Participant: 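Got a structure for you, written out below as structure tokens; questions coming shortly.
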Amino acid sequence: MNRSNGSPSDRSITRSGATLAASDFLQLNPADAPRGGMSDWLARQIRRAVAEGLLPPGSRLPATRVLADELGVSRGVVTEAYRRLTEDGHVEGRGRAGTVVLAAPLVRPPEDGLVKREHGGRGQAGCGPVGHRAEGRGTGERRAAARRAEEGGSTSEERALFGDPLDTGVFDALRAAPARVDLSPGLPDLAAFPRAAWLRAERAVLAGLVPADFGYGDPRGTPALRRAVARWLALNRGIAADPDEVLIVAGTAQALGLLALVLKDEGVTRVALEDPSSLGIRQHLRNSGLASPPVPVDERGVRVDALRATGARVALLTPAHQFPTGVVLDGVRRRELADWARDGGLIIEDDYDAEHRYDRPPVPALRSTLADHVAYAGSVSKLLAPALRVGWLLAPRRYRDALVDAKRFADLGNAALPQLVLAHLMESGELERHLRFLRRRHRGRRDAMIAALADRLPGAVVHGAAAGLHLTVTLEPGCDDVALAAAALERGVKVQPLSWHAQRPGRPGLVLGYAASTPSDIREGVSVLGDLLR
């Protein structure tokens, strides 16, 4: 991607690990508060959330210490806000049970209030001897790049792994390839999976089940998990949804498959995709028989004028943290996109890693303001582990019955026991605690990668560093990122070439995951890349 140097997101990287002055709770950003009126502002935001149903009766507010830490304010500010809410009758303190929301009317939020957010920048890193000039980045050129990788010293096995990126087995083959250091994007810190908390939740769930609970359940998912997901999305993504709107699925991959079935029955043949975008998503759409016309992404996010030009009725987007560039869809583009959707378009919002952010305020989900025009997909793959295969889909009303039917005939519904355990983790607060732990650890690893890049690739400019689980590094024009990735694998380091994720010619680069690797492994992997580039 071409983005200007010195953008706000590129300059926002910090190495101190200081507390971020913003919270996922209700998407609060203390920078919006008037000077000297922080407690009043906080109380007002919570009153509004209660009135709009984001905090239904019985919801427990965060502990004053926890919320103060996340907002970067004194505990007294939060305590005073809670005191005012208690006096107003909005909440009630219940000792060790915490502060609980009392009854309030449920009102949907209006479809406006689109917020302008940060955007990325552009830059490039130098490319050394393994780079080869190439005019295009299509399948034929990539195959030629794999052959040319022999000049860089990679073996035929490594070259084969980076052949045709639309080969549906390419990810499986690359995952299985042995490597000392795996910097593939898309994984959280799997070693941090909360095993003890999961076992406690599992025991608690099993102790409370009756024989009927082991039978066939609702294909939409267990009521307990649908309630927990609705509450989680309200608190962390600003989405007001009834549990009946939530469909539990086997990850975002199944959500896309179900949507493809329903949309094809409506005559949809194309789903527009950001360019670059996830190669895996493109493979899923292709397998479902749907074309994926590319829509360019710039420093402000997806170009809505180009989206209109495709004529596609459906677009799959990653607005909170665009994959792989990390760009955040800005306010102007959000309004343009809302106009496109209201003209008859459907947005599939892949909210794949929005909870993981480090140096910027939270970005509201498109679903929070465009409920009738957005099919929202999320999962626990980036929160806990992909192995759980648990996700959720919230679709506009007109698609819900057809999606439930498609889910029923696909598998009769997800396995109930893992759903009940996950619901327990969500409702008990364990998942929120785990997320806070992951943020600290992922931030440290992100900083380790940035430091290693500064040391070993001093000319590199990284993109998308303020959030997520990966960085993107662009290379100078003409550099062969496929050959570079093949040569790195031959040296025991696994990375993904940026051109894998692009449909049109563009800036070559690498997509580097950091969350699942230790700082020492990150430094070793980046050192190998530095040697190859020099």
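Numbers here are sequence positions counted from 1. On a predicted model such as this, the values are computed, not experimentally measured, just so you know.
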Participant: Going by an N to O cut-off under 4.0 Å, is there a salt bridge joining Arg367 and Asp351?
Facilitator: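 Between Asp351 and Arg367 there is no salt bridge, as every charged N stays at least 4.0 Å from the carboxylate O atoms.
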Participant: Just by distance, do the side chain of Ser379 and the backbone of Ser381 share a donor-acceptor pair under 3.5 Å?
Facilitator: yes
Participant: Is any side-chain heavy atom of Pro34 less than 4.5 Å from a side-chain heavy atom of Trp41?
Facilitator: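 Sidechains of Trp41 and Pro34: in contact.
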Participant: Could you check if a side-chain atom of Leu85 sits within less than 4.5 angstrom of a side-chain atom of Arg47, using non-hydrogen atoms only?
Facilitator: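 Counting from C-beta outward, Leu85 and Arg47 do come under 4.5 Å.
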Participant: Keeping the roles fixed (side chain from Gln45, backbone from Leu28), state whether a donor-acceptor pair exists under 3.5 Å.
Facilitator: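 No; judged by distance alone, with no hydrogens or angles, the pair does not exist.
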Participant: Which atom pair, heavy atoms only, marks the closest approach of Ala320 to Ala354?
Facilitator: CB-CB, 4.0 Å
Participant: Taking all non-hydrogen atoms of both residues into account, name the closest pair between Gly76 and Ser39 and its distance.
Facilitator: O-OG, 4.5 Å
Participant: Is a donor on one side and an acceptor on the other found under 3.5 Å between the side chain of Asp447 and the backbone of Gly444?
Facilitator: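 Not at all, since once roles are kept as given, no pair shorter than 3.5 Å links the two residues.
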Participant: Can you tell me how far the NE2 atom of His321 sits from the CG atom of Asp350, to the nearest 0.5 Å?
Facilitator: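 One finds 12.5 Å between NE2 of His321 and CG of Asp350.
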Participant: If you measure from CG on Leu206 to CG on Leu417, what distance do you get to the nearest 0.5 Å?
Facilitator: 6.0 Å
Participant: Can a side-chain donor-acceptor contact be found between Thr99 and Glu92 if the only test is distance below 3.5 angstrom?
Facilitator: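 The answer is no; no qualifying pair exists.
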Participant: Could you go step by step and tell me if Asp305 and Arg303 meet the salt bridge (Lys or Arg N to Asp or Glu O under 4.0 Å) rule?
Facilitator: CA-CA 6 Å; Asp305 61 332; Arg303 280 185 43 198; 3.1 Å; yes
Participant: For a side chain to side chain contact (heavy atoms under 4.5 Å, CB included) check, start with the C-alpha distance between Trp392 and Leu233, then their side-chain angles and the critical distance, and finish with the verdict.
Facilitator: CA-CA 10 Å; Trp392 41 84; Leu233 294 177; 3.9 Å; yes
Participant: After noting the C-alpha distance and the side-chain angles of Leu183 and Ser517, does the key distance pass the side chain to side chain contact (heavy atoms under 4.5 Å, CB included) rule?
Facilitator: CA-CA 7 Å; Leu183 300 181; Ser517 299; 3.7 Å; yes
Participant: Does Ile281 offer a backbone N or O that forms a donor-acceptor pair with the side chain of Ser278 under 3.5 Å?
Facilitator: yes
Participant: Rounded to the nearest 0.5 Å, what separation is found between the CG atom of Leu512 and the OG atom of Ser184?
Facilitator: 9.5 Å
Participant: For a 4.5 angstrom cut-off between non-hydrogen side-chain atoms, does Leu61 reach Leu67?
Facilitator: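 Heavy-atom side-chain distance check fails, nothing below 4.5 Å.
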Participant: Can you tell me which residue pairs pass the salt bridge (Lys or Arg N to Asp or Glu O under 4.0 Å) test with a partner in residues 221-232, sequence neighbours excluded?
Facilitator: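 Qualifying pairs, neighbours excluded: Asp218-Arg226, Arg226-Asp244.
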Participant: If I take atom CG from residue Leu55 and atom CG from residue Leu235, how far apart are they, to the nearest 0.5 angstrom?
Facilitator: 5.5 Å
Participant: Is it true that Asp339 and Arg335 have a side-chain N and a carboxylate O under 4.0 angstrom from each other?
Facilitator: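 Not counted as a salt bridge, because no side-chain N and carboxylate O are separated by less than 4.0 Å.
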Participant: With sequence neighbours excluded, tell me which residues meet side chain to side chain contact (heavy atoms under 4.5 Å, CB included) with Val314.
Facilitator: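 Applying side chain to side chain contact (heavy atoms under 4.5 Å, CB included) to Val314 gives Leu263, Val268, Val271, Leu346, Ile348.
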Participant: Let me see the working for His90 and Arg84 under side chain to side chain contact (heavy atoms under 4.5 Å, CB included), right down to the final yes or no.
Facilitator: CA-CA 9 Å; His90 285 83; Arg84 297 180 189 183; over 6 Å; no
Participant: If the threshold is 4.0 Å, N to carboxylate O, is there a salt bridge linking Asp359 and Arg446?
Facilitator: yes
Participant: Taking all heavy atoms of Ala224 and all of Leu420, pick out the closest pair and write down the distance.
Facilitator: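 Taking every non-hydrogen atom into account, CB-CD2, 4.0 Å.
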Participant: Walk me through it: do Val262 and Asp265 pass the test side chain to side chain contact (heavy atoms under 4.5 Å, CB included)?
Facilitator: CA-CA 5 Å; Val262 171; Asp265 286 344; 5.7 Å; no
Participant: Do the side chain of His356 and the main chain of Lys382 share a donor and acceptor less than 3.5 angstrom apart?
Facilitator: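 Yes: the side chain of His356 pairs with the backbone of Lys382.
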Participant: Examine distances only and state if a side-chain atom of Glu274 and a backbone atom of Ser277 form a donor-acceptor pair shorter than 3.5 Å.
Facilitator: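 Not confirmed, Glu274 side chain does not pair with Ser277 backbone.
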Participant: Residues two or more places apart in sequence or in another chain: which of them pass side chain to side chain contact (heavy atoms under 4.5 Å, CB included) with Ser428?
Facilitator: His424, Glu430
Participant: Is any side-chain heavy atom of Pro296 less than 4.5 Å from a side-chain heavy atom of Asp275?
Facilitator: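 With C-beta onward as the side chain, the pair stays apart.
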Participant: What's the shortest heavy-atom distance between Leu285 and Ser292, and which atoms?
Facilitator: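 That would be CD1-CB, 4.2 Å.
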Participant: Do Pro364 and Thr369 have side chains that get closer than 4.5 Å, going by heavy atoms?
Facilitator: no
Participant: So, taking the atom named CG in Leu337 and the one named CZ in Arg308, what distance separates them when rounded to the nearest 0.5 Å?
Facilitator: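 Reported to 0.5 Å precision, the distance equals 9.0 Å.
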Participant: Mind checking whether Leu317 and Leu329 have side chains closer than 4.5 Å, heavy atoms only?
Facilitator: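 They are not in contact (no side-chain heavy atoms under 4.5 Å apart), so the answer is no.
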Participant: Please examine the side chains of Val295 and Leu273, heavy atoms only from C-beta on, and report whether any two atoms are closer than 4.5 Å.
Facilitator: no
Participant: Would you check if the side chain of Glu349 reaches a backbone N or O of Val374 as a donor-acceptor pair within less than 3.5 Å?
Facilitator: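 Such a contact is absent between Glu349 side chain and Val374 backbone.
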Participant: Could you tell me which non-hydrogen atom of Leu384 sits nearest to which non-hydrogen atom of Leu190, and how far apart they are?
Facilitator: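 Heavy atoms of Leu384 and Leu190 come nearest at O-CD2, 4.3 Å.
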Participant: Closer than 4.0 angstrom, basic N to acidic O: yes or no for Arg65 and Asp69?
Facilitator: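 So Arg65 does not pair with Asp69 through a salt bridge.
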Participant: Quick one: ring pair (Phe, Tyr, Trp, His ring centres under 6.0 Å) pairs with a partner in residues 197-233, sequence neighbours left out?
Facilitator: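 Those involving residues 197-233 are Phe193-Trp198.
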Participant: For the atom pair CG (Leu54) and CD (Gln27), what is the distance rounded to the nearest 0.5 Å?
Facilitator: 10.0 Å
Participant: For residues Ala377 and Thr252, report the shortest heavy-atom separation together with the two atoms involved.
Facilitator: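 Here Ala377 and Thr252 meet closest at CB-CG2, 4.2 Å.
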Participant: Please confirm whether the backbone N or O of Leu403 pairs with a side-chain atom of Arg408, one donor and one acceptor, at under 3.5 Å?
Facilitator: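 Absent.
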Participant: Can you name the salt bridge (Lys or Arg N to Asp or Glu O under 4.0 Å) partners of Glu266, sequence neighbours left out?
Facilitator: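 Testing Glu266 for salt bridge (Lys or Arg N to Asp or Glu O under 4.0 Å), a comparison that skips the adjacent residues, returns Arg313.
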Participant: Within the 4.5 Å heavy-atom criterion, are Leu438 and Asp189 side-chain neighbours or not?
Facilitator: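 SC-SC contact between Leu438 and Asp189 confirmed.
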Participant: I would like to know whether Arg75 and Thr64 meet side-chain hydrogen bond (donor to acceptor under 3.5 Å, both in side chains); could you show each step before the answer?
Facilitator: CA-CA 6 Å; Arg75 188 176 182 181; Thr64 55; 2.9 Å; yes
Participant: My understanding is that only residues two or more places apart in sequence, or in another chain, count here; which of them pass side chain to side chain contact (heavy atoms under 4.5 Å, CB included) with Arg397?
Facilitator: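 Checked Arg397 against side chain to side chain contact (heavy atoms under 4.5 Å, CB included); matches are Arg400.
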Participant: Using a 6.0 Å cut-off, check whether atom CG of Asp213 has over 12 heavy atoms from anything other than its own residue.
Facilitator: yes
Participant: Taking the ring of His470 and the ring of His463, is the distance between their centroids below 6.0 Å?
Facilitator: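 So the answer is no for these two rings.
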Participant: Using modelled atom types and a 3.5 Å cut-off, is there a donor and acceptor pairing between side-chain atoms of Tyr358 and backbone atoms of Gly468?
Facilitator: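 Checking the backbone N and O of Gly468 against the side chain of Tyr358, a donor-acceptor pair under 3.5 Å is found.
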Participant: Short question: side chain of Arg60, backbone of Gly98 - any donor-acceptor pair under 3.5 Å?
Facilitator: no
Participant: Does one side chain, of Asn236 or Glu432, offer a donor that lies under 3.5 Å from an acceptor on the other?
Facilitator: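 Distance-only check fails for Asn236 and Glu432.
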